[in-house]
Amino acid sequence: MEERVKDNIILKTENINKFFYEPVEFQVLKDISFEVKRNELLTLVGKSGSGKSTLLYILSTMDRDYKGQLWIDNDLVTKKSIDELAVLRNEKIGFVFQFHYLLMEFSCLKNVMIPALRLGKLSEKEIEERAFSKLEMLGLADQALKPASKLSGGQQQRVAIARALINDPLIIMGDEPTGNLDSKNTDIIFDIFRELTHNQGQTIIAVTHDDDFARKSDRIVEMKDGRIVG
């Protein structure tokens with residue numbers, strides 16, 4: 001009988017193990033079991049090589065080659081097909097990376113619209129209105145029609161966050177989302193994340209090397225040598 005995850009838990013792992021086989025066999029994740037609550041800002045921390053980014057890619061369903069079980073929104077996703085996981089990611093997961101990966105010749109508005117156009121559940125007009133509202137929420141309404149290339153680094157990262165929000169995902173996953181930003185813009189991004197989790201019903205899991213960012217989050221999961229140590 002399939003286990004049911006508690007309703008206040010949006011993501012759960014049980015005994016996640018991950019191996020690399022080249023150039024030699026190496027176990028990078030060891031018995032990872034933890035839960036993420038709804039509306040929580042959780043940070044994954046640890047030295048380079050601790051396994052935190054590898055874990056994030058498993059949590060995001062982009063890596064299927066692991067042992068153990070992963071639930072997202074009370075749904076056991078471990079055995080799903082590549083196509084089923086692609087649908088799940090489009091509907092339930094937003095991504096913010098260290099580099100924004102915007103299409104620099106496109107306007108900010110068009111960049112934000114792309115994931116919703118790909119999902120295809122709304123008309124283009126509805127998607128445009130939604131994209132504008134996300135930019136407005138992040139203080140970028142006046143930049144909506146500018147090419148992404150004309151924005152500062154901090155503004156570009158805010159556009160990337162708006163893009164991650166366009167499909168109203170259950171979870172945003174961030175891989176060093178402030179890694180390329182100065183302290184002022186890092187504080188801005190953190191304040192946005194806190195607003196999203198505490199007041200907008202979002203859940204955020206972020207890998208970070210920034211001690212201040214982690215310290216201000218709701219919960220820190222520390223990793224060392226492939227294990228959760230705190």
Side-chain angles (χ1 to χ4, degrees), residues 39-44 53 56 60 62 86 89-210 212-218:
N39 308 343
E40 183 174 35
L41 172 50
L42 180 145
T43 47
L44 293 170
S53 290
L56 188 75
S60 69
M62 290 194 287
R89 283 194 297 273
N90 273 332
E91 292 182 341
K92 296 188 176 183
I93 301 175
F95 297 93
V96 182
F97 299 100
Q98 181 172 349
F99 186 69
H100 49 72
Y101 294 110
L102 300 178
L103 297 174
M104 301 304 280
E105 71 277 14
F106 281 30
S107 70
C108 297
L109 191 66
K110 287 291 185 185
N111 270 284
V112 175
M113 291 171 65
I114 288 171
L117 291 169
R118 188 181 299 130
L119 189 60
K121 288 194 170 181
L122 301 172
S123 70
E124 187 168 347
K125 180 65 175 175
E126 289 171 315
I127 292 170
E128 184 176 288
E129 290 173 354
R130 178 176 287 197
F132 186 82
S133 73
K134 300 301 184 188
L135 288 169
E136 188 173 37
M137 181 176 72
L138 297 176
L140 292 170
D142 59 338
Q143 308 294 320
L145 300 181
K146 282 188 180 180
S149 60
K150 300 295 184 183
L151 273 61
S152 69
Q155 289 173 321
Q156 289 170 341
Q157 194 66 322
R158 279 189 277 161
V159 173
I161 293 170
R163 180 182 60 192
L165 290 168
I166 189 65
N167 289 334
D168 292 330
L170 292 174
I171 308 172
I172 290 178
M173 306 226 180
D175 192 1
E176 298 287 357
T178 60
N180 283 330
L181 302 179
D182 59 22
S183 58
K184 178 182 177 182
N185 279 299
T186 293
D187 287 343
I188 290 170
I189 298 302
F190 180 83
D191 288 343
I192 289 169
F193 280 6
R194 184 164 52 192
E195 166 69 18
L196 289 171
T197 51
H198 291 186
N199 298 318
Q200 303 290 333
Q202 195 66 62
T203 301
I204 298 175
I205 304 170
V207 165
T208 185
H209 280 105
D210 187 321
D212 288 336
F213 188 102
R215 195 160 41 243
K216 292 186 291 185
S217 67
D218 295 328

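The basis for the numbers below is simple: all heavy atoms, side chains too, and nothing from hydrogens, waters or symmetry mates.
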Are a donor atom and an acceptor atom from the side chains of N180 and H100 found within less than 3.5 Å of each other? no

For H198 and N39, the nearest pair of non-hydrogen atoms, with its separation, is CD2-O, 4.5 Å

Assess the residue pair K216 and D210 against the criterion (salt bridge (charged side-chain N to carboxylate O under 4.0 Å, His left out)); give the C-alpha distance rounded to whole Å, side-chain angles, the decisive distance to 0.1 Å, and a yes or no. CA-CA 10 Å; K216 292 186 291 185; D210 187 321; over 6 Å; no

With a 4.5 Å limit on heavy-atom distance, are the side chains of I189 and F193 in contact? yes

Minimal non-hydrogen separation, D168 against K134, with atom names: OD1-NZ, 2.8 Å

Would you check if D212 and T186 make a side-chain contact, meaning some heavy-atom pair closer than 4.5 Å? no

Does any non-hydrogen side-chain atom of V159 lie less than 4.5 Å from one of V112? yes

Would you say that E195 contacts M137 through its side chain, given a criterion of any heavy-atom pair below 4.5 Å between the two side chains? no

Under a 3.5 Å distance rule, please check whether R130 uses its side chain to pair with a backbone N or O of I166 as donor and acceptor. yes

Minimum heavy-atom separation for F95 to A164, with atom names? O-CB, 3.5 Å

Closest heavy-atom contact between L135 and A162? CD2-CB, 4.0 Å

Donor-acceptor contact below 3.5 Å, side chain Q202 vs main chain P169: yes

Quick one: does S152's side chain have a donor or acceptor within less than 3.5 Å of a partner on Q155's backbone? yes

Taking the side chain as C-beta and beyond, is there a heavy-atom pair between L165 and Q200 under 4.5 Å? no

Starting from the C-alpha separation in whole Å, work towards a yes-or-no answer on side-chain contact (heavy atoms from CB on, under 4.5 Å) for I161 and L196. CA-CA 10 Å; I161 293 170; L196 289 171; 4.2 Å; yes

Between K110 and E124, is the salt bridge (charged side-chain N to carboxylate O under 4.0 Å, His left out) condition met? List the steps. CA-CA 11 Å; K110 287 291 185 185; E124 187 168 347; 3.6 Å; yes

Measuring from atom CD1 of I127 to atom CG of L109, what distance do you get when rounded to the nearest 0.5 angstrom? 11.0 Å

How long is the straight-line distance from OG of S149 back to CD of Q156, given to the nearest 0.5 Å? 8.0 Å

Output for pair (T43 OG1, F213 CZ), nearest 0.5 Å, gives 7.5 Å

Carefully, step by step, assess D187 and K184 under the rule salt bridge (charged side-chain N to carboxylate O under 4.0 Å, His left out). CA-CA 5 Å; D187 287 343; K184 178 182 177 182; over 6 Å; no

Are L170 and T203 packed together at the side-chain level, in the sense that at least one heavy-atom pair is separated by less than 4.5 angstrom? no

Short question: side chain of N167, backbone of N90 - any donor-acceptor pair under 3.5 Å? yes

Nearest 0.5 Å, please: how far is OG1 in T208 from CZ in F190? 10.5 Å

Evaluate side-chain contact (heavy atoms from CB on, under 4.5 Å) for L151 paired with L102, printing each intermediate quantity in order. CA-CA 11 Å; L151 273 61; L102 300 178; over 6 Å; no

To the nearest 0.5 angstrom, please state how far the CD atom of Q157 sits from the CZ atom of F97. 10.5 Å

4.5 Å side-chain heavy-atom contact, V96 and I204: no

Inter-residue atom distance S217.OG - L44.CG, 0.5 Å rounding: 9.5 Å

So, E128 side chain and M113 main chain: donor-acceptor pair closer than 3.5 Å or not? no

